[in-house]
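Numbers here are sequence positions counted from 1.
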Amino acid sequence: MKLLTLIGFGAAIVWMGWAQERPIEWLQRAVRAEQSLTVRGERTTEIRLRVHTERIVERFWRQGGRAVRIEVVAPPARQGEVLLLRGEKWILYRPGAKEAILLPAPLQQHEMMLKRLLSAVQSQGMRVELRPAEMVLNRPCVVLFLQMVEGDEPPPMRPHAPPFERGRRRFEPIQSITLWVDRATGLVLRREVRFRRSDALVRMEITRLEFPHKLPPELFQLPEGVTIRPPGEGRFESLEEAQKAAGFPIRLPDYLPDGTRRESIIVRRMRERTLVAIRYRCPQGDFTLFQTLAPKADFQLPEPPKHRPLNAHFWQAGDYWFGLVGTLPKEEMERIARSIPR
């Protein structure tokens with residue numbers, strides 16, 4: 001009888017410890033788990049938008065945040081694709097191919113997303129609360145519910161969107177996120193994201209999970225004979241790299257307001273054309289210079305967003321189409337436009 005009493009008392013203490021741990025501490029544990037655990041398994045991500053549902057199945061291997069391997073199982077059109085994290089670079093290749101692609105932009109890893117959520121909670125941009133515990137993979141989970149503070153406009157987040165997908169989506173600000181956190185390890189076993197202005201839903205769930213002592217190094221290496229091809233589009237820090245991706249001479253203005261500095265160059269494929277966007281920061285107002293080579297084509301550059309007070313100036317010069325969009329005064333934009341070589 002005394003033994004049963006002691007066991008019950010011990011269980012009560014453990015339960016009280018779980019209950020007393022604050023929600024933000026579970027979020028911190030989830031971040032540490034992503035950074036430190038060695039895991040392998042399989043996960044399913046569902047992206048639902050109205051009547052359309054996209055289902056992605058992936059196998060994964062991860063040694064903390066140092067090395068990651070992801071293999072796509074479904075959909076059939078992407079079956080066999082492999083993503084490798086090497087240092088801070090992501091590489092995409094298909095088994096049997098002689099070339100791998102160096103992705104120009106970092107993947108939105110789960111660790112990055114958790115850090116953003118933790119920062120939002122700490123800055124009181126989001127609320128986090130405990131919900132009733134649930135089981136995932138037969139493992140007890142703490143359920144965290146995170147919601148934007150009323151009246152706060154969150155930045156758009158992409159909870160799960162492979163950078164090599166064919167169609168690019170316009171992701172809306174997040175309304176709420178629910179996390180199922182494994183009590184034993186702190187690992188997030190399920191994640192559900194709801195959006196503010198639509199009925200869209202993104203759900204990720206780990207369906208198989210193992211905790212090996214270590215993983216073979218060759219898992220995170222390219223096969224012999226496979227070369228890495230630079231990306232054909234993406235974000236570039238240097239003009240030389242962007243120039244190679246663009247495929248046509250990028251024209252720069254001879255005049256820029258005092259204190260202006262170039263932040264980055266983005267190269268994108270649009271309607272069988274290549275669009276170059278050069279972002280500048282300036283004390284008078286930030287702005288972006290768009291340009292594309294479209295001889296004898298009816299090509300229209302993107303219009304500025306309606307919900308922001310931006311200035312815009314568009315023009316054509318020979319086979320080039322240009323656009324300036326930003327908060328820079330219109331007179332300065334026109335002066336920059338006149339300085340671009342024709």
Residues two or more places apart in sequence or in another chain: which of them pass salt bridge (charged side-chain N to carboxylate O under 4.0 Å, His left out) with Glu240? none

Between Ser339 and Tyr255, is there a donor-acceptor pair closer than 3.5 Å when you use the side chain of the first and the backbone of the second? yes

Check whether any side-chain heavy atom of Leu144 lies under 4.5 Å from a side-chain heavy atom of Thr178, and answer yes or no. no

How far apart are the C-alpha atoms of Leu189 and Leu209, what are their side-chain angles, what is the distance that settles it, and do they pass the side-chain contact (heavy atoms from CB on, under 4.5 Å) test? CA-CA 9 Å; Leu189 303 184; Leu209 183 64; 3.7 Å; yes

Counterpart residues, side-chain contact (heavy atoms from CB on, under 4.5 Å), relative to Arg281 (two or more places apart): Arg261, Glu263, Asp286

Could you work out, with side-chain hydrogen bond (donor to acceptor under 3.5 Å, both in side chains) as the rule, every residue matching Ser119, not counting sequence neighbours? none

Give the C-alpha distance, both sets of side-chain angles, the deciding distance and a yes or no for side-chain contact (heavy atoms from CB on, under 4.5 Å) between Phe287 and Val325. CA-CA 6 Å; Phe287 61 96; Val325 178; over 6 Å; no

Which ILVMFWY residues are connected to Val73, directly or by a chain of links, through side-chain heavy atoms under 4.5 Å apart? Val57

For residues 126-135, which side-chain N or O atoms pair as donor and acceptor with protein atoms under 3.5 Å away, sequence neighbours left out?
unit_1: Glu129; atom_1: OE2; unit_2: Arg131; atom_2: NE; d: 3.0
unit_1: Glu129; atom_1: OE2; unit_2: Arg131; atom_2: NH2; d: 3.3
unit_1: Glu134; atom_1: OE1; unit_2: Trp180; atom_2: NE1; d: 3.1

Using 30° and 60° as the class boundaries, would you call the ring planes of Tyr320 and Phe248 parallel, tilted or perpendicular? perpendicular

Measuring from atom CZ of Arg139 to atom CG of Asp182, what distance do you get when rounded to the nearest 0.5 angstrom? 4.0 Å

Donor-acceptor check, side chain of Asn311 to backbone of Leu328, threshold 3.5 angstrom: yes or no? yes

Please enumerate all residues that pass ring pair (Phe, Tyr, Trp, His ring centres under 6.0 Å) together with Phe145, with sequence neighbours excluded. none

Please determine if Arg62 and Glu34 form a salt bridge, counting it only when a charged side-chain N lies under 4.0 Å from a carboxylate O. yes

Under 3.5 Å donor-acceptor, Arg66 side chain and Ser36 backbone: no

Find the distance between CZ (Arg208) and CD (Glu210) and round it off to the nearest 0.5 Å. 5.5 Å

More than 12 non-hydrogen atoms from neighbouring residues, nucleotides or ligands closer than 6.0 Å to CZ on Arg55, yes or no? no

Would you say Leu201 ends up clustered with Met204 if hydrophobic residues are merged whenever their side chains have heavy atoms under 4.5 Å apart, either directly or through other cluster members? no

Is atom CG of Asp258 surrounded by more than 12 heavy atoms (other residues, nucleotides or ligands) closer than 6.0 Å? no

Presence of salt bridge, Arg203 and Glu46, under 4.0 angstrom: no

Hydrophobic cluster membership, Ile56 vs Leu49, 4.5 Å side-chain cutoff: no

For Leu219, which fellow cluster members are found when Ile, Leu, Val, Met, Phe, Trp and Tyr are connected by side-chain heavy-atom distances below 4.5 angstrom, either directly or through intermediates? Trp61, Leu215, Phe220

Phe60: what forms a ring pair (Phe, Tyr, Trp, His ring centres under 6.0 Å) with it, not counting sequence neighbours? none

Close side-chain approach of Val143 and Leu179, heavy atoms under 4.5 Å: no

When you check the gap from the basic side-chain N to the acidic O, do Glu111 and Lys115 get nearer than 4.0 Å? yes

Return each pair, listed once, that meets salt bridge (Lys or Arg N to Asp or Glu O under 4.0 Å) where at least one residue sits in residues 323-337; pairs must be two or more places apart or across chains. none

Could you work out, with side-chain hydrogen bond (donor to acceptor under 3.5 Å, both in side chains) as the rule, every residue matching Glu205, not counting sequence neighbours? Arg190

CA sep, side-chain torsions, deciding dist, call: Gln291, Arg251, side-chain contact (heavy atoms from CB on, under 4.5 Å): CA-CA 8 Å; Gln291 59 184 281; Arg251 295 186 177 179; 3.8 Å; yes

Applying side-chain hydrogen bond (donor to acceptor under 3.5 Å, both in side chains), name anything that partners Arg279, two or more places apart in sequence or on another chain. none

Show your working on side-chain contact (heavy atoms from CB on, under 4.5 Å) between Ile278 and Phe236 and close with a plain yes or no. CA-CA 10 Å; Ile278 308 174; Phe236 301 90; over 6 Å; no

Tyr280 and Ile266: same hydrophobic cluster, using ILVMFWY side-chain contacts below 4.5 Å? no

Distance-minimising heavy-atom pair for Lys214 and Thr38: CA-CG2, 4.4 Å

Got a sec, which residues hit side-chain hydrogen bond (donor to acceptor under 3.5 Å, both in side chains) with Arg32, two or more places apart in sequence or on another chain? none

